[in-house]
Engineer: 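Have a look at this one.
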Amino acid sequence: MHWNRNLALFAAAAITLGMGALKGSSQDSTNEKNWWRNAVFYEIYPRSFADANNDGIGDLKGITAHLDYLKELGVDAIWLTPIYPSPQVDFGYDISDYVAIDPKYGTMADFDRLMTEANKRHIRVLMDMVMNHSSDKHKWFIQSRASKTNPYRDWYVWHDGKGETATDKGKVPNNWASVFGGSAWEWDDKTRQYYYHKFYVQQPDLNWNNPKVHQAFKDIIAFWLKKGVAGFRFDAITTLFEDPAMADEGVVKDKDGNPEIQNGEPVLENIKTDNLPGVHDVMAEMRAHADKFSTNAYPGTRVFIGETYLPNIAELLKQYGTPEKPEFHLPMDTQVLLINKMDASAFRARLEDAEGELGANVPLFVFDNHDNPRIDARYGDGVHDTDIQRVLSTVLFASKGAALFYQGDEIGMKTTPPTRKEDVKDPVGQRFWPTYKGRDGERTPMQWTSAINAGFDSPTAKPWLPVPANNSTINVLAEKSDSKSLYTWYRSLIQLKKTNAAFSEGSDTMLDRNNPSVLSWKRVAPGAPPVIICANFSADPQSVDLVSQGIPEGAITTLLKTPGAADPASLKHVNLGPFGVYIGQLQFMISH
Ligand code: NOJ
Ligand code: CA
């Protein structure tokens with residue numbers, strides 16, 4: 001099972017380009033400004049990336065030790081999921097201090113060194129910004145729950161129960177549900193009111209109707225920007241506001257008109273606590289604030305990435321704001337993440353949306369993260385998984401815009417959920433076991449080598465989650481020296497994205513649009529010979545006639561193809577094996 005509508009935010013339907021180099025030249029300032037438009041972003045889940053002190057938990061020194069790896073892969077920027085002090089109920093997404101480093105991950109000096117070493121390699125660093133909620137152990141909330149008259153009381157969302165009197169617990173204020181199950185309201189006995197939490201009980205929602213909350217986060221954003229970070233990924237951003245009328249959510253009905261039930265709980269429409277319009281003003285305000293840091297003193301655009309699970313492309317478009325009042329540079333296009341099947345037509349539609357519906361805005365595709373089963377579990381067939389990942393990574397890197405992927409995707413790491421309830425670390429997996437096993441399966445340690453503990457930890461250490469046995473073959477060391485590996489494929493695609501003008505700057509036109517099995521498209525950039533991409537989304541061999549699609553028969557140079565496949569003898573017959581990919585460049589310009 002994947003994130004479902006109850007666990008919903010994540011699955012609404014189912015669950016330095018060189019800071020040093022060329023300083024002062026106009027070329028440099030253009031790069032500094034536009035670096036993000038075609039960038040390759042790499043998500044690091046620090047807990048599971050590399051453990052330098054062998055205490056079982058990945059750390060900042062571990063990340064610093066692997067920056068050369070990321071450089072060689074071609075990564076422009078890393079997004080670190082939260083490394084701030086946290087009780088770790090939600091593994092860092094419950095923050096108790098926004099301007100410090102959790103000792104489990106290291107010290108502020110370790111962070112500064114990571115920044116220095118990353119800058120040397122022209123890798124930018126983005127932080128995770130969690131504005132919807134804090135930890136219940138944050139000093140703000142400790143104050144807030146101390147008394148009804150505390151100055152921090154209205155930093156959070158408090159409400160009377162439905163009882164006889166205002167202080168009577170009675171019933172919860174309404175039927176709003178937590179993403180992680182159960183009511184979103186938690187009774188506080190001392191002050192005799194309920195507080196609202198969209199996520200865990202230990203993650204009370206901040207009150208964004210309070211201007212002091214706005215100012216607190218502007219200060220936090222300024223703190224990290226002054227440290228030199230290149231931007232932020234804004235967590236659960238669509239959930240900042242709740243419907244002030246406090247009306248119950250509607251219940252989603254199944255095809256027979258009965259309430260839809262998942263994990264024993266009714267599925268709610270989720271329109272009273274998600275994607276309310278207030279978020280746009282907040283993001284425009286934060287963006288204007290951060291833009292002030294894109295100055296000579298702070299070179300380089302500071303980029304806002306959004307965790308934006310939205311129902312459609314029109315809602316995604318709104319997250320960019322307007323040229324006068326910009327919001328996100330790169331709200332994640334999770335429409336592709338949620339296709340969850342090898343369906344060429346669905347991918348074609350999403351690519352056309354990104355090309356046609358977002359105007360001059362830059363799309364950011366993403367297929368994977370630390371909240372969803374890995375690509376193998378959502379798209380794989382158990383037989384052609386590596387080739388399927390070649391297809392998806394081709395879509396990721398050979399389409400317009402920036403690209404984001406998750407640590408381990410590049411070597412084809414597989415989802416490895418716990419097999420026993422007592423081993424589950426993610427509380428939501430404990431709650432819904434065995435229907436839903438939580439997110440441990442996509443958070444297992446990075447597989448660097450075939451050794452015991454995969455080079456994540458020393459062989460005698462005990463990683464916080466077990467290393468899957470498949471590290472014997474699925475590991476960085478083995479794949480780096482294998483020209484046919486998935487790692488080599490990723491690296492090749494990223495190199496093309498950086499060096500080939502049509503690949504990096506082109507716009508996409510779909511070809512052979514009625515083909516149910518093969519996704520073919522052309523990328524054209526002014527002044528560059530076009531690139532043609534054909535990707536077989538099926539387990540059967542396919543042949544594509546590109547000549548019938550207006551691509552003139554003639555010389556084509558192969559840029560990349562599935563290992564072992566032959567070059568096409570003719571553009572009338574581009575033959576593709578099961579989940580095969582062919583990428584070629586025409587040796588001449590075509591009019592379009
Ligand atoms: C989205 C994060 O990616 C997820 O891991 C977390 O549980 C929720 N937001 C709540 O912060
Ligand atoms: Ca450690």
Side-chain angles (χ1 to χ4, degrees), residues 2-3 7-12 15 43-66 79-84 86-96 98 101-107 110 126-136 138 178-181 184 197-206 232-240 273-274 305-309 332 334 337 366 368-373 404 406-407 425-429 431 436 438-443 445-446 453 455-458 461-465:
H2 310 143
W3 284 94
L7 305 167
L9 283 261
F10 309 104
I15 212 214
E43 178 191 352
I44 293 187
Y45 195 73
R47 229 185 143 78
S48 301
F49 191 62
D51 181 13
N53 69 351
N54 292 309
D55 67 349
I57 296 173
D59 43 47
L60 295 179
K61 282 187 173 147
I63 298 172
T64 306
H66 287 89
W79 147 37
L80 307 179
T81 66
I83 51 174
Y84 318 101
S86 161
Q88 303 285 331
V89 172
D90 194 14
F91 300 109
Y93 282 98
D94 47 325
I95 298 170
S96 52
Y98 286 82
I101 301 293
D102 193 308
K104 287 175 207 64
Y105 299 130
T107 63
D110 294 335
L126 278 79
M127 300 291 273
D128 215 309
M129 191 47 57
V130 185
M131 306 205 300
N132 177 67
H133 49 268
S134 72
S135 161
D136 62 341
H138 195 292
S178 159
V179 169
F180 294 134
H197 58 93
K198 181 80 182 174
F199 297 90
Y200 289 124
V201 169
Q202 298 89 342
Q203 294 171 298
D205 272 48
L206 284 147
F232 303 95
R233 171 266 193 190
F234 287 86
D235 180 70
I237 195 63
T238 61
T239 68
L240 285 199
T273 61
D274 192 15
I305 294 181
E307 189 199 19
T308 39
Y309 288 93
M332 292 179 200
T334 53
L337 187 149
V366 50
D368 206 6
N369 59 32
H370 63 285
D371 292 326
N372 291 281
L404 167 61
Y406 177 45
Q407 70 184 43
K425 298 284 192 294
D426 189 11
V428 71
R431 182 182 182 114
Y436 177 64
R439 297 165 291 176
D440 295 359
E442 53 267 27
R443 298 175 175 181
M446 179 74 181
N453 289 336
F456 166 76
D457 253 333
S458 77
K462 192 169 183 312
W464 77 284
L465 284 175

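Atoms within a ligand are numbered from 1 in the order they appear, just like the ligands themselves.
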Engineer: Any non-hydrogen side-chain atom of Lys462 less than 4.5 Å from a side-chain atom of Asp457?
Structural biologist: no
Engineer: Could you tell me whether the side chains of Thr81 and Asp128 share a donor-acceptor contact shorter than 3.5 Å?
Structural biologist: no
Engineer: Output, in order, the C-alpha distance, side-chain angles, deciding distance and verdict of salt bridge (charged side-chain N to carboxylate O under 4.0 Å, His left out) for Lys198 and Asp205.
Structural biologist: CA-CA 7 Å; Lys198 181 80 182 174; Asp205 272 48; over 6 Å; no
Engineer: Determine, step by step, whether Asp102 and Arg47 satisfy the salt bridge (charged side-chain N to carboxylate O under 4.0 Å, His left out) criterion, reporting the C-alpha distance in whole Å, the side-chain angles of both residues, the deciding distance to 0.1 Å, and the verdict.
Structural biologist: CA-CA 11 Å; Asp102 193 308; Arg47 229 185 143 78; over 6 Å; no
Engineer: Between Tyr200 and His133, is the ring centre distance below 6.0 Å?
Structural biologist: no
Engineer: Determine, stepwise, if the pair Asp59 / Lys61 fulfils salt bridge (charged side-chain N to carboxylate O under 4.0 Å, His left out).
Structural biologist: CA-CA 6 Å; Asp59 43 47; Lys61 282 187 173 147; over 6 Å; no
Engineer: Looking only at heavy atoms of Met131, does any of them come nearer than 4.0 Å to an atom of ligand 1?
Structural biologist: no
Engineer: With distance as the sole criterion, is a donor-acceptor pair present between the side chains of Asp51 and Asn54 under 3.5 Å?
Structural biologist: no
Engineer: Counting only heavy atoms, which portion of Phe180 has something under 4.0 Å from ligand 1: side chain, backbone, both, or neither?
Structural biologist: side chain
Engineer: Return the set of protein N, O or S atoms whose distance to the Ca ion (ligand 2) is under 3.0 Å, each given as residue and atom.
Structural biologist: Asp51 OD1, Asn53 OD1, Asp55 OD1, Ile57 O, Asp59 OD2
Engineer: Short list, please: which atoms of ligand 1 are under 4.0 Å from a heavy atom of Asp90?
Structural biologist: 6 (C), 7 (O), 8 (C), 10 (C), 11 (O)
Engineer: Quick one: does Asp426's side chain have a donor or acceptor within less than 3.5 Å of a partner on Asp440's backbone?
Structural biologist: no
Engineer: When you measure from the heavy atoms of Arg439 to every atom of ligand 1, does any distance fall below 4.0 Å?
Structural biologist: yes
Engineer: For ligand 1, which atoms have a heavy atom of His133 less than 4.0 angstrom away?
Structural biologist: 10 (C), 11 (O)
Engineer: Please report the C-alpha distance between Glu442 and Tyr45 in whole Å, then the side-chain angles of each, then the deciding distance to 0.1 Å, and finally whether the side chain to side chain contact (heavy atoms under 4.5 Å, CB included) criterion is met.
Structural biologist: CA-CA 10 Å; Glu442 53 267 27; Tyr45 195 73; over 6 Å; no
Engineer: Could you list which atoms of ligand 1 come closer than 4.0 Å to a heavy atom of Arg443?
Structural biologist: 5 (O)
Engineer: Taking only heavy atoms of Glu307, which atoms of ligand 1 are found under 4.0 Å from at least one of them?
Structural biologist: 1 (C), 3 (O), 9 (N)
Engineer: Check each atom of ligand 1 against the heavy atoms of Tyr93 and keep those under 4.0 Å away; list them by number with element.
Structural biologist: 2 (C), 3 (O), 5 (O), 6 (C), 11 (O)
Engineer: Over 60° means perpendicular and under 30° means parallel, so tell me whether His370 and Tyr93 are parallel, tilted or perpendicular.
Structural biologist: parallel
Engineer: Using modelled atom types and a 3.5 Å cut-off, is there a donor and acceptor pairing between side-chain atoms of Gln202 and backbone atoms of Asp136?
Structural biologist: no
Engineer: Using a strict 4.0 Å cut-off to heavy atoms of Asp235, name the atoms of ligand 1 that fall inside it.
Structural biologist: 1 (C), 2 (C), 3 (O), 8 (C), 9 (N), 10 (C), 11 (O)
Engineer: In terms of atom number and element, which parts of ligand 1 are under 4.0 angstrom from non-hydrogen atoms of His370?
Structural biologist: 2 (C), 3 (O), 4 (C), 5 (O)
Engineer: Applying a heavy-atom cut-off of 4.0 Å, say which part of Glu43 lies close to ligand 1: side chain, backbone, both or neither.
Structural biologist: neither
